[in-house]
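Have a look at the structure below, then the notes.
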2 protein chains.
Amino acid sequence: MRQERAARIKDVARIAGVSTATVSRTLSNPDIVSEETRRSVLAAVKATRYSANVAARNLRRQQAGGVLALAPNLANPFFSEILAGMSEALAERRLNLIVADTQFGGSSQLVQYADRSRADGLLILDSRLDPALFAGAQCPPIVQVCEEIEGLQSPRVVADNAGGAAAAVAHLVELGHTRIARLAGPPDNSLTRWRDAGFRRGMDAAGLSGRGDWHLTGDFSMESGRTAAARLLALPDRPSAIVCDNDEMACGLMSALIRSGIDIPGDIAVAGFDDIELSRHLTPTLTTVHQPRRRIGREAVRQLLLAIDGADVAERTVIPCTLVPRQSTLGREALSDQAAS
Amino acid sequence: MRQERAARIKDVARIAGVSTATVSRTLSNPDIVSEETRRSVLAAVKATRYSANVAARNLRRQQAGGVLALAPNLANPFFSEILAGMSEALAERRLNLIVADTQFGGSSQLVQYADRSRADGLLILDSRLDPALFAGAQCPPIVQVCEEIEGLQSPRVVADNAGGAAAAVAHLVELGHTRIARLAGPPDNSLTRWRDAGFRRGMDAAGLSGRGDWHLTGDFSMESGRTAAARLLALPDRPSAIVCDNDEMACGLMSALIRSGIDIPGDIAVAGFDDIELSRHLTPTLTTVHQPRRRIGREAVRQLLLAIDGADVAERTVIPCTLVPRQSTLGREALSDQAAS
DNA sequence: CTGAAAGCGCTAACAA
DNA sequence: TTGTTAGCGCTTTCAG
């Protein structure tokens, strides 16, 4: 039972009684060969279970056969659904998605990838990367996704972060809140900055002004939401509502507030951002801003493929977000036993 | 400003005044060239920003340069942390991790990958795949991770699912519970079967017997935990504790129970499995079985690399799990304000 | 519509 | 220790 060698294009050609060029043509551009030839080649392909050697094809075509996604944290469900959308969209073009976690290996590893022979394109999801990494002449086309790196010129596909944050504020205002706090992400993060702008826009529209001591900061982790709760509770003059820059912080915050005997939304209403699956299953369920993550991933790939093909690409594609009102602002009665919406 | 072509090995050789073979040797095996040569080659590499063409190298070496992971759902945080561990371990060997979501493209796509020219190895995390996909002679080495496909012979790296489930039961028994129910995963899933075995082992050890009507089934989703709660509440004779086959179901279950006015753990104690990050942040925090996911990912890669190198590989590597007692079984007082443990 | 042949860039066997 | 050289398997001109 020795291991049989994989068939090469030569083998297929011999069996089909044609040249290797014809086999290649049949496979990549079936319309330009005669029907008879096509039939015999395809039969030979099937008989030999032939599948083209990827390295040889890529070498010849001077391409990499895959796209690299740089994400700050693979273990984060927010990114993973975007990656799933990317993977899906790339498969249609028979391109691989190679995923690198920027937490490891450091930039020394990453710089390797900013090279056409390794990746036909780059999808960058981490705004903390140094733009200099991608400055080389041989860097493949780039699309930035969700986050934005200052000083790296490339098309961007982002959610409507400002609009989402403004909608969250408007929702609270409509419920009668005027004392609205904010739990922001890291100040140097582009998401934070856009959501900041939206928050202020929403406040302005309602004639409200933000208060400095009601501006808390976290790092997008549940843990930082937990610690923010302590700071919130220590305030002499508490807000009646708080808008968080993501669901995970909102989750950590709510959980700590509840443990301290605070009623949500009775004492403090809470809104998040992202609409991760969890948000529907918290108690109370979390009002949040839904980002269509799969669609963002697909759209980013679409733009990248355009760029790879040398077509014109929108400098900035903004994907709309939608507010999803749930119990953490409406109260339990409003939606009591309703299924996830 | 025209785009400069990437340097090839020839360019480096010319600048360093040596042959291409020497450049290649300097880069892949520096010890066998003289120090002087090495210096001039490295200088030329730096000057040209040379980086070897991956496709050419792979073609010549008859390898793929990457390993493919087949996961059922990229968007699931449980898998994503394992993938992160894999990515980390592979980077040390300069191998890519290519991730494919088995939800999309169907097996027609996947079968393409069971081929040495596309992947140097396969990491299979989805037990629902057809073993026939990997039966070809040209299929690269495989390691199954976490889940197991019946009829696919290959090394496996799995958590101690039975031991974990037994520990959860033992913990409840120690707290005085004798009426213990189970919320199981899909019956055809290997995780479910191992956890089933562990559950029974734990019950037997305590002299307890499981009851048929206390055996609920879900599909590992939060949603299925939610619906299981309704069935649990409809029972004429309720258990005092329930062991769930994963944290997400436990989360959906708890959240629905609480909404129905059930006190956890006063009325019903709940234990999960996996220890996803969320579990520490639920209210009450969830007692669960911790799986060292990153380590599982790293270990799977270690075994795969051994197999690729033709070394002997353990048929089955079992990674220990540890019980993490929290409020959902102990009560809120016990651990009230303690940080995540 | 098809075949011959060049060559993508690299590594490794062999020779010196 | 280094250079020469063949060739990995494929695609794509260029001829016919």
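Naming convention: chains lettered A, B, ... in sequence-line order (proteins, then strands); numbering from 1 in each chain.
In this structure, Asn58(A) places its CG atom 11 Å from C1' of dC8(C), rounding to the nearest Å. Atom-to-atom, CD1 of Ile32(B) to P of dC14(C) comes out at 15 Å; the value is rounded to the nearest Å. Nucleotide dG9(C) holds its C1' atom 13 Å from the CG atom of Leu27(B), rounded to whole Å. If you measure from atom CZ of Arg14(B) to atom C1' of dT2(D), you get 19 Å, rounded to the nearest angstrom. Taking atom CZ of Arg8(A) as the reference point, atom P of dT11(D) lies 15 Å away to the nearest angstrom. As rounded to whole Å, 11 Å separates atom P of dT2(D) from atom CD of Glu35(B). The distance from atom CZ of Arg61(A) to atom P of dG9(C) is 16 Å, rounded to the nearest whole Å. Atom-to-atom, NZ of Lys10(A) to P of dC8(D) comes out at 6 Å; the value is rounded to the nearest Å.
The closest donor-acceptor contact from the side chain of Asp120(A) to the backbone of Gln63(A) lies at 3.5 Å or more, if one exists at all.
When the nearest nucleotides of DNA chain C are assigned to Arg25(B) and Ser51(B) by heavy-atom distance, the more 5′-ward of the two goes with Ser51(B). In this structure, Arg38(B) and Ala55(A) both approach DNA chain D, and ranking their closest nucleotides by distance from the 5' end singles out Arg38(B).
Nearest nucleotide to the Val33(B) side chain, out of dT2(D), dG3(D), dG9(D): dT2(D). Of the candidates dG3(C), dT2(D), dG9(D), dG9(D) carries the atom nearest the Asn53(A) side chain, counting heavy atoms from C-beta on. When distances are taken from the side chain of Thr22(B) to each of dG3(C), dT11(C), dT2(D), the shortest belongs to dT2(D). Looking at the side chain of Leu59(B), the nearest of the listed nucleotides dG9(C), dT11(D), dT2(D) is dG9(C). The side chain of Tyr50(B) sits closest to dC10(C) out of dG3(D), dC8(C), dC10(C). Minimum atom distance to the side chain of Ile9(B) is reached by dC10(C), of the listed dC10(C), dA12(C), dG9(D). Nearest to the side chain of Ala21(B), among dC10(C), dT12(D), dG3(D), sits dG3(D).
Classification of Glu147(A) and Arg156(A) as a salt-bridged pair fails, no side-chain N sitting under 4.0 Å from a carboxylate O. Between Asp31(A) and Arg25(A) no salt bridge is recorded (no basic side-chain N to carboxylate O distance below 4.0 Å). Using a 4.0 Å cut-off between charged nitrogen and carboxylate oxygen, Arg302(A) and Glu299(A) count as a salt-bridge pair. Contact check on Arg298(A) versus Glu92(A) returns a salt bridge, with a Lys/Arg side-chain nitrogen under 4.0 Å from an Asp/Glu carboxylate oxygen. A salt bridge does not link Asp115(A) with Arg49(B): none of the charged nitrogens is closer than 4.0 Å to a carboxylate oxygen.
Of the side-chain N and O atoms in Thr37(A), one or more sit less than 4.0 angstrom from OP1 or OP2 of dT2(C). For Gln62(A) and dG7(C), the shortest distance from a side-chain N or O to OP1 or OP2 is not below 4.0 Å. Distances shorter than 4.0 Å separate none of the side-chain N or O atoms of Thr20(A) from OP1 or OP2 on dT11(D).
You won't find any donor-acceptor pair under 3.5 Å spanning the side chain of Arg60(B) and the base of dG9(D), going by distance alone.
Nucleic acid contact class of Ser28(A) (heavy atoms, under 4.0 Å, all strands): none.
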